[in-house]
Amino acid sequence: MGFSVELRKEANPIFNAIFEHPFVQGIANGELRKEQLIHYVKQDFEYLNSFIKIYGIAISKCKKREDMDMFNKQISFILNSETHPHNNFCQVAGVAYEELQGFPLSPSALYYIRHMLTIAYEGTLGEILAVLLPCPWTYWEIGKKLINEANPDRSHPFYQWITFYGNRTDSITTKFCSRIDEWAKEATVKEKEKMKEHFLISCQLEYMFWDMAYKLEKWPVQLEAVK
Ligand SMILES: Cc1ncc(CO)c(N)n1
């Protein structure tokens, strides 16, 4: 069994909880409130900005051109393609994408980013791959599942979102998985334990991100700017 298969097996209850989450179900049946879509896009725009920087740190730790190329392609993907699913949510919510940019991260989103940043700074390339993998992996599976279950046509409000994530054939998930399997063959038991821990925490944080958006999570005390 490859290491990525082992990771996926351990994370199975979290993947299932994500598929059942009301935000994900809301994408499937087209029933999400405008504020929920707006909160998601505000948070995800900043989340992806941080993700680009984390890929930059990952590149600084690469020894091989192929690894640099893999992360470089992912940066371009976020910059040039991953704006489409955000635009889909904005259109449904009836707001301009530009209006949702530049907001501070709410607690769960910040927690997720800080988790990845810590491992990016402190960890090996194997640990970095493990902490980043739940991001593409959970979305790819959500997309595929929603295509099968909701079988959306073009009239579905989230058709673009669902097909964007579910129809990817050149999946980055597959690339990350084979690289992690290769890395794990050379890794010590201790490093593999750390990789698993980082991976599972990121899966939990993927769940928390959906929950944060659904519940419009905010910091406990709202502060006014002091003049
Ligand atoms: C929180 C989160 N996880 C994964 C993805 C997919 O890239 C995303 N856009 N946002």
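Computed from a predicted structure; not experimentally measured. Ligands are counted one by one from 1 in listed order, and the atoms in each one are counted from 1 as well.
In this structure, Y111 places its OH atom where only 12 or fewer heavy-atom neighbours from other residues, nucleotides or ligands lie under 6.0 Å away. For Y121, the OH atom counts as loosely surrounded, since its 6.0 Å shell holds 12 or fewer non-hydrogen atoms of other residues, nucleotides or ligands.
Heavy-atom separations between Q43 and ligand 1 are all 4.0 Å or longer. Within the structure, the closest approach of Y165 to ligand 1 falls below 4.0 Å when heavy atoms are considered.
One finds a salt bridge joining E141 and R8 here, because a Lys/Arg side-chain nitrogen approaches an Asp/Glu carboxylate oxygen to under 4.0 Å. Under a 4.0 Å N-O distance rule, the pair R179/E182 qualifies as a salt bridge.
Within ligand 1, the atoms closer than 4.0 Å to a non-hydrogen atom of C135 are 3 (N), 4 (C), 5 (C), 6 (C), 7 (O), numbered from 1 in the order shown. The F209 neighbourhood of ligand 1 comprises atoms 1 (C), with distances under 4.0 Å to a heavy atom of that residue. Residue D44 has at least one heavy-atom neighbour below 4.0 Å for each of these atoms of ligand 1: 1 (C), 2 (C), 8 (C), 9 (N), 10 (N).
Here atom 6 (C) of ligand 1 lies nearest to E82 when heavy atoms of E82, H86, M208, M212 are compared.
Panel note: side chain S108, backbone F209; no donor-acceptor pair is recorded below 3.5 Å.
Put simply, the residue from F164, F15, W210 that forms a ring-ring contact (aromatic ring centres under 6.0 Å, His included) with Y139 is W210.
From the protein, the heavy atom lying nearest to atom 3 (N) of ligand 1 is E206 OE2, 2.7 Å.
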